[in-house]
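Please read these numbers as outputs of a predicted model, since none were measured by experiment. Order of appearance sets the numbers: ligands from 1, and atoms from 1 within every ligand.
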Amino acid sequence: MTTRRLVLTRSAALVGAASSALLLPTIARAQSNKVRVGLMLPYTGTFAQLGVAIENGVRMAIDEKGGKLGGREIEWFKVDDESEPSKGVENASKLVQRDKVDVLIGTVHSGVQMGIQKVARESGVLSLIPNAGVHAATRALCAPNVFRTSFTNSQPTLALGKTMVDKGHKKAVWITWKYAAGEEAFEGFRDSYTKAGGTIVKELGLPFPNVEFQALLTEIASLKPDAVACFFAGGGAAKFIKDYAAAGLKGRIPLYGSGFLTEGVLAAAGPAAEGIVTTMHYSDSLDTPRNRQFRLAYAKAFRLQPDVYAVQGYDTGQLLALGAAAVNGDLNNKQALYKAMESATIDSPRGKWTMSKSHNPIQDIYLRQVVNGENKVIGVAAKALADSGVGCKMT
Ligand code: PHB
């Protein structure tokens, strides 16, 4: 009902501009016929490459289904969110209020996601999260219209601590950007590492998106831990890996991380990345027909190698296409739409996954190591890992 009212309002404005009442039915029909898809992603800054990979993935999945959603053509709307939390609400509102999108796909940065979450809860717009892992989105602030296709920030690191202790690293330093993603990744690391018997000797941090790592690396050298664990991503991750090696720490203090550290940055980081061990819900080298076929098709379409962000975008496109098909393109049939999305099994390049009750993937977490410039799978660190979803009440 809301959509219909909004369409008519907008049409009325256009009609006024064209000063012909006869245009009304045509315009109203044309507009309501297309599904309006909003992309709110970072296209500038340290996460720019992540935004592009996600958009590519979304488009690829929908193209594979004939380029339509539930039989309807698509009109795309894009906003560069710059990974800037202070503009989160404003940018999400541009898509929802101004562009009247039927679905908002976004974003990468956890702080910006909180702005989207606010707008999604207030407007009821279908919100698909293709990356940002902020816990609240699928815990205390979960909502029937919000679905995440990626992870919660502590999911990958919950599988990291035991691996490190098993390798004999009993004392570790943690280092990250100080914002929700880094702090919540730390929670997963802390819980798993201390439970396995490890001791965290120091937590180090710097504000996002700073990359002045030198003083912190000097501190790590003097602390002499058995190992270092971290959360960094995008351009900042490539610089951290290079600076870690340049500071003489590579080969002396093993570097671990949630897998974002080595996603999409291996070419940029070069030999400095060799040997890094990470945990993550995807790996380039997953030797399955599904992953091989996906990687080939993506490389052909975009002349780029896909990474976890491309996979998450792809799965977002798959989820949306599946939901739209279940309601024959009538995205206002919310009950049926949400039900289809809640009960979906996504045939992902990462392996098949399903939605938890709080709308977050239940998925395997792989143990990976960088070997010859590739994230090689060296084991499964956790099978069918679900986030706790603590505090989530779907209303
Ligand atoms: C986040 O801010 O939630 C975030 C950003 C980049 C990542 C992972 C998580 O690679």
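- Under a 4.0 Å N-O distance rule, the pair Asp99/Lys94 does not qualify as a salt bridge.
- A centroid separation of 6.0 Å or more is found between the aromatic rings of Phe260 and Tyr282.
- Taking only nitrogen or oxygen atoms, main chain and side chain alike, His109 does not reach within less than 3.5 Å of ligand 1.
- Checking only distances, Tyr309 does come within under 3.5 Å of ligand 1, N or O to N or O.
- For ligand 1, the atoms closer than 4.0 angstrom to any heavy atom of Ala181 are 1 (C), 2 (O), 3 (O), 4 (C).
- Near Ala233, meaning under 4.0 Å from one of its heavy atoms, ligand 1 places the atoms 6 (C), 7 (C), 10 (O).
- For Phe151, no nitrogen or oxygen atom sits less than 3.5 Å from a nitrogen or oxygen atom of ligand 1, counting backbone and side chain alike.
- With respect to atom 4 (C) of ligand 1, the closest heavy atom belonging to the protein is Val108 O, 3.4 Å.
- For the side-chain contact (heavy atoms from CB on, under 4.5 Å) with Trp353, the lone residue among Asp364, Asn360, Ile362, Thr149 that qualifies is Thr149.
- Applying the 4.0 Å criterion to heavy atoms of Tyr179 picks out, from ligand 1, the atoms 1 (C), 2 (O), 4 (C), 5 (C).
- In summary, Lys202 and Glu219 engage in a salt bridge, as defined by a charged side-chain N under 4.0 Å from a carboxylate O.
- Here Ser110 has heavy atoms under 4.0 Å from ligand 1 in both its backbone and its side chain.
- Distances below 4.0 Å separate heavy atoms of Gly133 from the following atoms of ligand 1: 3 (O).
- Under a cutoff of 6.0 Å and an axis angle of 45°, Arg59 and Trp76 form a cation-pi pair.
- In this structure, a donor-acceptor pair under 3.5 Å is present between the side chains of Thr138 and Arg148.
- Between His281 and Gln312, the side chains place a donor N or O and an acceptor N or O closer than 3.5 Å (distance only, hydrogens not considered).
- Around atom 7 (C) of ligand 1, the closest heavy atom drawn from Thr152, Asn153, Asn131 belongs to Asn131.
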